[in-house]
Amino acid sequence: MKTLNRRNLKQTVAIALIAAAGSLNAEEPGTESELSDVTQATCADVAEIPEMDRAFSLIFYYGYLAGRSGISVIDPELVPRHLELVRDYCNANPDATVIQSFTQALSSSE
């Protein structure tokens with residue numbers, strides 16, 4: 001099993017930070033940012049955000065759920081397929097939460 005090595009991890013984190021910085025820079029000075037409960041976001045909510053933010057969000061959820069499950073080893077070759085399964089589930093179930101989508105999509109892939 002291939003694990004996420006430090007170089008890949010650094011690249012992934014760098015991409016996520018760049019995406020987050022782009023979102024932060026888009027805010028108007030003096031405006032407050034919205035807080036979000038990540039456990040309540042639906043597939044429809046995620047579908048409405050810009051593509052780069054959506055990609056960042058899905059990677060965030062992937063890491064969030066891995067951390068919540070105590071998973072510390074990730075096979076980078078499986079990540080794209082997992083995200084495709086989540087996308088397909090979300091497209092079919094727009095009212096499902098993103099967390100439900102990950103749980104259902106990934107449990108059906110085992």
[X] and [Y]: which non-hydrogen atoms are nearest, and at how many Å?
X	Y	value
S107	Q104	OG-O, 3.1 Å
L83	Y62	CD2-CD1, 4.0 Å
V98	C43	CG2-N, 4.2 Å

Quick one: pull up [atom1] in [X] and [atom2] in [Y] and give me the separation to the nearest 0.5 Å.
X	Y	atom1	atom2	value
R87	H82	CZ	NE2	14.0 Å
F102	L85	CZ	CG	10.5 Å
S57	M52	OG	CE	11.0 Å

So, [X] side chain and [Y] main chain: donor-acceptor pair closer than 3.5 Å or not?
X	Y	answer
Q100	T97	yes
Y64	I99	no
N93	Y89	yes

Kindly list each side-chain donor-acceptor pair under 3.5 angstrom involving residues 65-74, sequence neighbours excluded, with atom names and distances?
| from | atom 1 | to | atom 2 | distance (Å) |
| --- | --- | --- | --- | --- |
| S69 | OG | L65 | O | 3.0 |

In chain order, what residues pass the salt bridge (Lys or Arg N to Asp or Glu O under 4.0 Å) check against R81, with sequence neighbours excluded?
E84
